[in-house]
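Take a look at the structure below.
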There are 2 protein chains.
Amino acid sequence: MSRERNDIDYTMLNSLVGYRLRRAQLAYFENFTATCTEQGVTPGLFGILAIVYHNPGLTQTAVAQAIETDRSAMVAAVDKLEKLGLIERRPAENDRRSYALFLTGHGITFTENLHRKVLKHEAHFEEVMKDGEKDWLLDLLTRIIDLDR
Amino acid sequence: MSRERNDIDYTMLNSLVGYRLRRAQLAYFENFTATCTEQGVTPGLFGILAIVYHNPGLTQTAVAQAIETDRSAMVAAVDKLEKLGLIERRPAENDRRSYALFLTGHGITFTENLHRKVLKHEAHFEEVMKDGEKDWLLDLLTRIIDLDR
DNA sequence: TATTGTTATACTCTATAACTATA
DNA sequence: TATAGTTATAGAGTATAACAATA
């Protein structure tokens with residue numbers, strides 16, 4: 001049985017994997033968000049950088065689908081990344097409706113540095129994991145994510 | 001290595017436990033939210049019901065702390081639950097500033113039924129878990145949640 | 001002085017609809 | 001006709017500040 005920091009009985013919520021996933025995710029994201037904020041971006045913007053880093057030339061809509069958000073939300077996000085000098089909109093070669101997204105030189109080093117910083121902060125949480133547990137967790141989470149795809 | 005449903009390379013995001021936690025949580029919550037919506041509440045309202053179910057008589061502020069939200073957000077939430085006939089505000093016995101929260105008779109059966117429905121829907125995700133993996137996951141998530149408390 | 005419930009407010013995220021220019 | 005980027009907009013969720021009543 002788990003102990004709570006206060007005298008509250010969480011029995012019903014604790015029985016739900018979904019609720020515990022949410023609270024663990026919030027704990028992780030507190031850290032993640034702080035690391036991103038220090039560098040002047042948000043977790044959402046980092047997600048875009050990480051996708052474009054590995055997939056240069058994607059259109060805005062393709063990136064939106066990759067991070068499961070609406071393409072209308074991409075406009076302001078890419079605007080911000082452009083203003084920060086991290087990303088570039090280039091005309092797509094064979095479709096004049098769309099842009100191809102690329103990281104700038106600065107964007108590449110920025111993204112790599114931020115990724116390293118986030119990994120370093122994540123290491124804090126690995127203190128509570130035994131040998132092999134992180135890989136097992138990543139694998140199980142992947143199975144959950146892919147279940148209904 | 002995990003396969004994605006599209007041709008996108010997620011290497012950087014996949015390396016972060018935080019991002020995978022978030023996506024798994026979103027997958028779970030899609031299901032959770034749908035189950036709650038069918039019964040006319042939100043996951044947030046269910047959280048309040050679940051806390052008051054096991055801890056009758058808590059003040060609004062105490063419930064707010066239990067679910068880690070601001071007490072200002074409790075007002076509209078408890079208003080809704082009151083209009084649904086699920087919860088009651090009673091004057092606190094020894095502090096005329098605060099209310100003690102209690103579920104109504106209907107609130108109790110409603111909460112128990114909804115809890116059962118959510119558990120049933122969660123069982124879908126257990127298809128991807130081997131024997132003992134669910135308990136392991138709950139335990140690991142608890143360790144993560146409690147790390148910085 | 002400090003705290004409870006409350007209100008007003010603001011900010012982020014997310015989603016929808018409609019417009020334009022292209023396809 | 002369908003799609004890409006864009007704009008406007010609206011809703012949910014969350015956080016802050018300030019107020020009246022009470023401690």
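Just so you know, these numbers use all the heavy atoms, side chains as well, and skip hydrogens, waters and symmetry mates. The chains referred to below are lettered A, B, ... by the order of the sequence lines, with proteins before strands, and numbering in each begins at 1. Values in this document were obtained by computation on a predicted structure and should not be read as measured data.
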- request: Could you check B:Thr104, B:Leu86, B:Leu101 and say which one makes a side-chain contact (heavy atoms from CB on, under 4.5 Å) with B:Leu81?
  value: B:Leu86
query: DNA chain C: A:Thr69 or A:Arg97, which has the more 5' nearest nucleotide?
result: A:Thr69
task: May I ask you to check whether A:Glu112 and A:Tyr53 show a side-chain donor-acceptor distance below 3.5 Å?
output: yes
Lys/Arg-Asp/Glu bridge criterion (N-O < 4.0 Å) met for A:Lys83, A:Asp79: no
- prompt: What's the CD-P distance between B:Gln25 and D:dG13, to the nearest Å?
  reply: 13 Å
statement: Separation of C:dT14 atom C1' from B:Leu26 atom CG, nearest Å, is 11 Å
message: Tell me if the side-chain of B:Arg96 makes a donor-acceptor pair with the base of D:dT22, cut-off 3.5 Å, by modelled atom types.
response: no
query: What does A:Asp70 touch in the nucleic acid at a heavy-atom separation under 4.0 angstrom: a base, only the sugar-phosphate, or nothing?
result: base
- prompt: Which whole-number value in Å describes the distance from A:Leu101 CG to D:dG5 P?
  reply: 8 Å
query: Does the pair A:Arg143 and A:Asp139 meet the rule for a side chain to side chain contact (heavy atoms under 4.5 Å, CB included), with working shown?
result: CA-CA 6 Å; A:Arg143 278 179 269 151; A:Asp139 180 61; 3.0 Å; yes
query: To the nearest angstrom, how far is B:Ile87 atom CD1 from C:dG5 atom P?
result: 12 Å
field: From D:dG5, C:dG5, D:dT16, nucleotide with atom closest to A:Gln60 side chain
entry: D:dG5
- line: B:Phe29 CZ to C:dT14 P, in whole Å, measures 14 Å
query: Atom CG of A:Leu45 to atom P of C:dT14: distance rounded to whole Å?
result: 11 Å
Pair B:Lys117 + B:Glu38: basic N to acidic O under 4.0 Å: no
- request: Check every atom of C:dA2, D:dT14, D:dG5 against the side chain of A:Arg22 and return the nucleotide holding the closest atom.
  value: D:dT14
task: Answer yes if the side chains of A:Glu122 and A:Tyr28 hold a donor-acceptor pair under 3.5 Å, and no otherwise.
output: no
Residues B:Gln60 and B:Arg89: side-chain donor-acceptor under 3.5 angstrom: yes
message: For A:Thr42 and A:Asp95, find the nucleotide of DNA chain C closest to each by heavy atoms; which residue's nucleotide sits nearer the 5' end?
response: A:Thr42
message: Nearest whole Å is fine: how far is C:dA21 P from A:Tyr99 OH?
response: 12 Å
- prompt: What is the distance from CZ of B:Phe32 to C1' of D:dG13, rounded to the nearest Å?
  reply: 15 Å
message: Can you pull out the residues from residues 71-84 of chain B that lie within a 4.0 Å heavy-atom distance of DNA chain C?
response: B:Arg71, B:Ser72, B:Val75
